[in-house]
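Only this structure's heavy atoms are used, side chains among them; waters, hydrogens and symmetry mates stay out.
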Amino acid sequence: MNNKLDNALRFHQDALSLLSRRQEVLASNIANADTPDYLARDIDFSAKLQQATARNQAVNGPVNLTRTSAAHIPAVAHHDVELLYRVPDQPAADGNTVNMDRERINFADNNIKYQSELTFLGGEIKKMMNVINQG
């Protein structure tokens, strides 16, 4: 039973972990907006989430497939995220590549995605609770 719940919620777990890590990176960029020679960083969220989904499907098969034996290998979430450097639109004289307008937009966009993912996760949990209570 636990494996089925874990598999059903793994996508949300990976998405929330990546969004949380990206929020930390964006906050670091904003905090260092006035630091000379600071290079803005970011995570390619879409690519990393596709990798996590593909890795999960490679281990577990299609999303609907369930483990039928305790000997099957469970999916493992990997959150080793490679940080990328941003290419500046217009580099500052002090070498700082943080563009505050871009950082604020990305920060707000990432926050909306995080809140949406929490809402989706809450919906999944409510559906599971309905099945358990009515089952």
Side-chain angles (χ1 to χ4, degrees):
M1 179 71 172
N2 287 339
N3 290 335
K4 289 181 181 182
L5 290 175
D6 186 46
N7 289 339
L9 300 176
R10 179 157 320 276
F11 174 81
H12 298 291
Q13 175 186 355
D14 288 344
L16 286 171
S17 178
L18 285 170
L19 287 165
S20 176
R21 178 69 178 119
R22 184 167 188 236
Q23 200 75 346
E24 291 172 7
V25 171
L26 295 171
S28 178
N29 288 347
I30 292 170
N32 287 292
D34 294 326
T35 304
D37 296 321
Y38 181 81
L39 302 176
R41 307 292 298 263
D42 201 356
I43 295 171
D44 186 355
F45 176 76
S46 298
K48 293 300 177 187
L49 191 58
Q50 286 175 353
Q51 287 175 0
T53 303
R55 186 172 42 251
N56 187 30
Q57 288 181 355
V59 173
N60 289 331
V63 176
N64 298 354
L65 188 65
T66 59
R67 289 178 29 198
T68 57
S69 169
H72 291 168
I73 300 172
V76 178
H78 297 282
H79 303 295
D80 299 330
V81 183
E82 179 184 351
L83 295 179
L84 306 173
Y85 288 101
R86 286 243 178 90
V87 177
D89 296 329
Q90 184 173 356
D94 66 356
N96 187 305
T97 62
V98 175
N99 179 332
M100 282 303 289
D101 291 333
R102 177 177 287 176
E103 298 303 327
R104 286 185 192 114
I105 290 169
N106 286 336
F107 193 85
D109 179 63
N110 196 68
N111 188 39
I112 290 169
K113 288 177 182 174
Y114 189 88
Q115 294 299 322
S116 298
E117 189 59 38
L118 286 175
T119 302
F120 296 144
L121 178 60
E124 288 291 320
I125 292 171
K126 283 181 185 178
K127 285 194 287 187
M128 289 180 190
M129 291 302 294
N130 284 338
V131 169
I132 290 170
N133 290 333
Q134 295 175 3

(request) Give the minimum heavy-atom separation between N32 and S28, together with the two atoms involved. (result) ND2-O, 2.8 Å
(message) Could you see if L118 belongs to whatever hydrophobic cluster contains M129? Use Ile, Leu, Val, Met, Phe, Trp, Tyr and a side-chain cutoff under 4.5 Å.
(response) yes
(message) Quick test of your reading of the model: are D109 and K113 salt-bridged, counting only N-O distances below 4.0 Å?
(response) yes
(message) Would you say that I43 contacts L84 through its side chain, given a criterion of any heavy-atom pair below 4.5 Å between the two side chains?
(response) no
(request) Taking S20 for its side chain and L16 for its backbone only, find out whether a donor-acceptor pair lies under 3.5 Å. (result) no
(request) Please check if atom CG in D34 has more than 12 non-hydrogen atoms from other residues, nucleotides or ligands closer than 6.0 Å. (result) no
(message) How long is the straight-line distance from CD of Q13 back to CD of E117, given to the nearest 0.5 Å?
(response) 11.0 Å
(request) Would you give the length of the straight line joining atom CD of E124 to atom CG of L121, rounded to the nearest 0.5 angstrom? (result) 8.0 Å
(message) With rounding to the nearest 0.5 angstrom, report the NE2 to OG1 distance, H12 to T119.
(response) 11.0 Å
(message) Is there a continuous path of hydrophobic side-chain contacts, each under 4.5 Å between heavy atoms, that joins L39 to V98?
(response) no
(request) Decide whether V25 and F107 are clustered together by the hydrophobic rule: side chain heavy atoms of Ile, Leu, Val, Met, Phe, Trp, Tyr closer than 4.5 Å, transitively. (result) no
(message) According to a hydrophobic-cluster definition based on side-chain heavy atoms being under 4.5 Å apart (Ile, Leu, Val, Met, Phe, Trp, Tyr only), do L19 and I30 belong together?
(response) no
(message) Quick check against the 3.5 Å criterion: does D94 have a side-chain atom that pairs as donor or acceptor with the backbone of T35?
(response) no
(request) For A40 and T97, work out which heavy atoms get closest and say how close. (result) N-OG1, 2.7 Å
(request) State the CD-CG distance between E103 and D101, to the nearest 0.5 angstrom. (result) 10.0 Å
(request) Evaluate the side-chain proximity of L83 to R21: yes if any heavy-atom separation is below 4.5 Å, no if none is. (result) yes
(request) Locate the shortest heavy-atom distance separating N110 from L26; write the atom from each residue and the value. (result) CB-CD1, 4.1 Å
(message) Can you give me the closest heavy-atom contact between N29 and R86, atom names plus distance?
(response) ND2-NH1, 4.1 Å
